[in-house]
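Notes to accompany the following structure.
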Amino acid sequence: MLDIQNISKTFEKGTVNEHVAINNLSLKLEDGEFVTVVGSNGAGKSTLFNAICGSFMVDEGHIFLDDMDITYKSEHSRAKMIGRVFQDPMKGTAPNMTIEENLALAYTIQFFRENLARYNMGIEDRMKTKIGLLSGGQRQVVTLLMCTLSIPKLLLLDEHTAALDPATAEKVMDITKTIVQENNITTMMITHNLKQSLTTGTRTIMLDSGEIILDLSGEERKNTTMEDMIKMYSMKKQKEFDNDRILLSQ
């Protein structure tokens, strides 16, 4: 389904600010897999998503989606196949336009109101409300539904609940799981919550310095605790795991 083969990306190559963001990374996802992606700040999580979306061209390697080589396809052409929801609820929508006007940019309004009503977020009767006047959780649900009305080949969730309060984040996460499961959408989700990374979806990968250092699935993942993951990281990298944001999110 998604087949990433030995991709690398270095920013500001040849300067004092040279930074290897992705280092010979390979990853293969099967249809319907739900992979959570965890790692410290600067590990390469969002950079990986940007590479998949075509926000930049990789220096080396290839990216295939449904056996199609999309390595050198534009970001615009990939957007027809890949849905992405960002941490910032304002991204992915035009905040000064109404829900109806946003939908007109991407999809028809057909069935949208009915879908909104399913999730009890109080949005279905606010179709003429500007997106910027909705709550963060409401905006994320609208964005999520806009990304999945026409089922994408791949859904990328870039910490899409991180900016929400805990209760709203849980509700949006439940809606996310329902949409993904009902439509069997192949999904990757970045999270800083180690517990969530092990209990959501079907597989967990950990990135560090642009490389996949852990890849857990099946019984191994089921039997792995947060403490186990931190120990695995320390053994692999020969240093302590000390990312405050991840540790404080548990």
Side-chain angles (χ1 to χ4, degrees), residues 1-9 21-39 43-58 60-75 77-87 92 144 147-161 173 175-194 196-222 224 229 232 236:
M1 198 283 161
L2 175 67
D3 189 4
I4 299 173
Q5 300 180 358
N6 306 107
I7 63 169
S8 294
K9 179 64 181 181
I22 304 177
N23 185 19
N24 195 35
L25 186 149
S26 294
L27 176 67
K28 190 169 185 177
L29 271 65
E30 302 298 334
D31 281 332
E33 273 199 282
F34 189 152
V35 179
T36 56
V37 183
V38 69
K45 304 181 298 299
S46 290
T47 306
L48 173 60
F49 277 20
N50 288 336
I52 295 170
C53 288
S55 300
F56 55 77
M57 297 294 132
V58 295
E60 299 176 4
H62 289 272
I63 303 172
F64 294 87
L65 189 60
D66 261 3
D67 297 322
M68 178 189 297
D69 190 343
I70 63 171
T71 310
Y72 302 108
K73 287 191 175 294
S74 68
E75 185 172 15
S77 64
R78 298 189 204 190
K80 299 174 183 177
M81 302 178 283
I82 300 171
R84 186 173 183 179
V85 183
F86 293 86
Q87 175 180 339
L144 185 61
C147 284
T148 57
L149 272 180
S150 178
I151 307 302
K153 294 182 182 296
L154 178 67
L155 177 63
L156 302 179
L157 305 172
D158 196 344
E159 292 193 84
H160 72 306
T161 63
M173 194 66 243
I175 293 170
T176 301
K177 292 176 184 177
T178 298
I179 291 172
V180 168
Q181 290 170 2
E182 288 183 351
N183 297 286
N184 194 39
I185 303 174
T186 306
T187 303
M188 296 179 70
M189 182 184 80
I190 293 174
T191 177
H192 270 89
N193 188 307
L194 286 184
Q196 185 180 61
S197 77
L198 291 170
T199 57
T200 302
T202 58
R203 182 177 169 191
T204 301
I205 62 173
M206 178 180 275
L207 269 64
D208 187 83
S209 302
E211 301 176 349
I212 296 174
I213 61 170
L214 292 177
D215 190 341
L216 305 171
S217 59
E219 286 300 311
E220 181 183 20
R221 179 180 190 256
K222 184 179 179 181
T224 298
M229 283 191 73
M232 290 177 187
K236 193 87 173 180

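Numbering of residues begins at 1 and proceeds along the displayed sequence. What you see is a predicted model, and the numbers here were worked out from it, not measured in a lab.
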Under a 3.5 Å distance rule, please check whether T202 uses its side chain to pair with a backbone N or O of F34 as donor and acceptor. yes
Does K9 reach the main-chain N or O of M57 with its side chain, forming a donor-acceptor pair under 3.5 Å? yes
Note: I22 and I7 closest approach over all heavy atoms is CG2-O, 3.5 Å
With sequence neighbours left out, what residues match T199 under side-chain hydrogen bond (donor to acceptor under 3.5 Å, both in side chains)? none
Do you know the tightest heavy-atom contact between D69 and H62? OD2-ND1, 3.2 Å
Heavy atoms of G83 and P152 approach each other most closely as N-CB, 3.7 Å
So, using side chain to side chain contact (heavy atoms under 4.5 Å, CB included) as the criterion, who are the partners of M68 when residues are at least two apart? I70, K73, M81
What residues, two or more places apart in sequence or in another chain, satisfy side-chain hydrogen bond (donor to acceptor under 3.5 Å, both in side chains) together with N184? none
Results of side chain to side chain contact (heavy atoms under 4.5 Å, CB included) for I151 - residues two or more places apart only: N183, I185
Contact summary for F56 and N50, nearest pair of heavy atoms: CE2-CB, 3.5 Å
Excluding sequence neighbours, so at least two apart, what forms salt bridge (charged side-chain N to carboxylate O under 4.0 Å, His left out) with E219? none
Return yes if some donor-acceptor pair links the side-chain N/O of K45 with the main-chain N/O of L207 below 3.5 Å, else return no. no
Using every non-hydrogen atom in the two residues, find where L29 and E33 come nearest and quote the distance to one decimal. CA-OE1, 3.3 Å
Across all chains, not counting sequence neighbours, the side-chain hydrogen bond (donor to acceptor under 3.5 Å, both in side chains) partners of R78 are none
Side chain to side chain contact (heavy atoms under 4.5 Å, CB included) with D158: which residues, sequence neighbours excluded? S46, F49, R84, F86, I190
Salt bridge (Lys or Arg N to Asp or Glu O under 4.0 Å) pairs touching residues 23-32, sequence neighbours excluded, are none
Determine the sole option in I63, I82, T186, V35 for which the side-chain contact (heavy atoms from CB on, under 4.5 Å) test with L2 is passed. I63
Residue list, side chain to side chain contact (heavy atoms under 4.5 Å, CB included) with E60, at least two apart or on another chain: S8
D215: salt bridge (charged side-chain N to carboxylate O under 4.0 Å, His left out) partners, not counting sequence neighbours: R203
Rounded to the nearest 0.5 Å, what separates atom OG1 in T204 from atom CG in L216? 6.0 Å
Whether the N193 and T191 side chains hold a donor-acceptor pair (N or O, under 3.5 Å, no angle test) is what I'd like checked. no
Got a sec, which residues hit side-chain hydrogen bond (donor to acceptor under 3.5 Å, both in side chains) with Q181, two or more places apart in sequence or on another chain? none
Residues in salt bridge (charged side-chain N to carboxylate O under 4.0 Å, His left out) contact with D66, at least two apart in sequence or another chain: K153
Minimum heavy-atom distance between M1 and L154, given as atom pair plus value: CE-N, 4.2 Å
